[in-house]
Amino acid sequence: MKPTGKDDQTSDEPQSIKRTPDSNEDIFYKRSKKVEADDFVKASERVREAGRELFSNLPLEARKNKLQDMMNKLQVEIDEENETRTEFIRAKEWGKGKEEKAVVESLLAKSEERSQALAMLMLQYCAGYQSCVEAEELDSYQL
């Protein structure tokens, strides 16, 4: 008996699973990306706020120098992590077996997470440094 009408299927995949441009999965994906972006913006603002308070117990010049030193050290870590991530990308491209590629993909994902964390930390240090610069400008205007 040949299927007709709604029940026609052109593949082994059931109709309910086939992806369409407006499928629930696509809508969920778009919403989850929007939530991720919103969460990132909120997290970034919290990081900036915390950065404005970093080393606030130090005198202004000492605070500025401390933050500059921390940013320099962190930049070295960011550069090293970028090199590591590049190596993982190459290893993924040249990987031979599925298992090897899966391990490299896992390491790559962890490296990307670390890179994001380091970027947030740099944002925090930069916000603290900016706070110092603004305080210096305010002091110079008051003179």
Side-chain angles (χ1 to χ4, degrees), residues 3 5-143:
K6 279 180 150 178
D7 296 328
D8 280 347
Q9 295 180 359
T10 57
S11 71
D12 295 337
E13 190 175 9
Q15 184 66 30
S16 61
I17 297 177
K18 285 186 181 177
R19 289 179 48 111
T20 62
D22 296 331
S23 72
N24 287 337
E25 186 176 318
D26 289 337
I27 293 169
F28 176 76
Y29 177 77
K30 289 175 186 174
R31 285 183 186 161
S32 68
K33 286 297 177 187
K34 181 176 177 358
V35 168
E36 286 176 18
D38 290 345
D39 289 346
F40 180 77
V41 169
K42 290 175 186 175
S44 296
E45 187 54 39
R46 286 192 304 267
V47 165
R48 282 189 208 101
E49 289 173 15
R52 292 181 194 112
E53 300 300 318
L54 276 177
F55 309 116
S56 60
N57 59 324
L58 296 175
L60 187 59
E61 193 61 33
R63 179 179 182 218
K64 187 176 171 184
N65 290 337
K66 177 77 171 174
L67 287 165
Q68 184 66 50
D69 184 49
M70 299 297 286
M71 289 188 308
N72 290 338
K73 289 177 183 178
L74 183 59
Q75 187 60 54
V76 169
E77 284 189 56
I78 289 171
D79 292 342
E80 289 172 356
E81 193 61 38
N82 285 339
E83 288 177 26
T84 300
R85 196 168 69 248
T86 300
E87 290 173 16
F88 288 146
I89 290 170
R90 285 186 190 131
K92 181 180 170 186
E93 290 171 358
W94 293 100
K96 298 187 191 263
K98 287 183 181 181
E99 190 174 307
E100 181 181 346
K101 285 185 179 185
V103 169
V104 172
E105 284 180 17
S106 174
L107 293 171
L108 182 58
K110 288 179 183 178
S111 178
E112 289 172 355
E113 287 175 13
R114 179 170 159 71
S115 292
Q116 289 175 357
L118 292 172
M120 287 298 233
L121 191 54
M122 182 62 87
L123 179 62
Q124 188 175 37
Y125 291 160
C126 289
Y129 189 83
Q130 181 182 7
S131 170
C132 291
V133 170
E134 289 170 356
E136 284 178 336
E137 290 174 356
L138 186 61
D139 286 347
S140 70
Y141 288 132
Q142 291 178 352
L143 296 175

Does the distance from a Lys or Arg side-chain N to an Asp or Glu carboxylate O, for Asp38 and Lys42, drop under 4.0 Å?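 So Asp38 does not pair with Lys42 through a salt bridge.
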
Return each pair, listed once, that meets side chain to side chain donor-acceptor pair (under 3.5 Å) where at least one residue sits in [range]; pairs must be two or more places apart or across chains.
| range | value |
| --- | --- |
| residues 48-60 | Glu45-Arg48 |
| residues 89-101 | none |
| residues 104-126 | Glu77-Arg114, Glu81-Ser111, Glu81-Arg114, Arg85-Ser115 |

Enter the distance from [X]:[atom1] to [Y]:[atom2] here, rounded to the nearest 0.5 Å.
| X | Y | atom1 | atom2 | value |
| --- | --- | --- | --- | --- |
| Ile89 | Leu107 | CD1 | CG | 12.5 Å |
| Asp79 | Leu74 | CG | CG | 9.5 Å |
| Leu54 | Arg63 | CG | CZ | 7.0 Å |

What closest approach, in Å, do [X] and [Y] show between heavy atoms, and which atom pair accounts for it?
| X | Y | answer |
| --- | --- | --- |
| Tyr129 | Leu67 | N-CD1, 3.5 Å |
| Leu118 | Ile78 | CB-CG1, 3.7 Å |
| Val104 | Phe88 | CG1-O, 3.2 Å |

Gln68: which residues meet the side-chain hydrogen bond (donor to acceptor under 3.5 Å, both in side chains) condition with it, sequence neighbours left out?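 Partners of Gln68 under the side-chain hydrogen bond (donor to acceptor under 3.5 Å, both in side chains) test: Asn72.
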
Partners passing side-chain hydrogen bond (donor to acceptor under 3.5 Å, both in side chains) against Lys66 (at least two apart in sequence or in another chain): none

Less than 4.5 Å apart, side chain to side chain, heavy atoms only: is that true for Met71 and Gln75?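 Met71 does not reach Gln75 side chain to side chain.
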
Residues forming a side chain to side chain contact (heavy atoms under 4.5 Å, CB included) with Leu60, sequence neighbours excluded: Cys132, Ala135, Glu136, Asp139

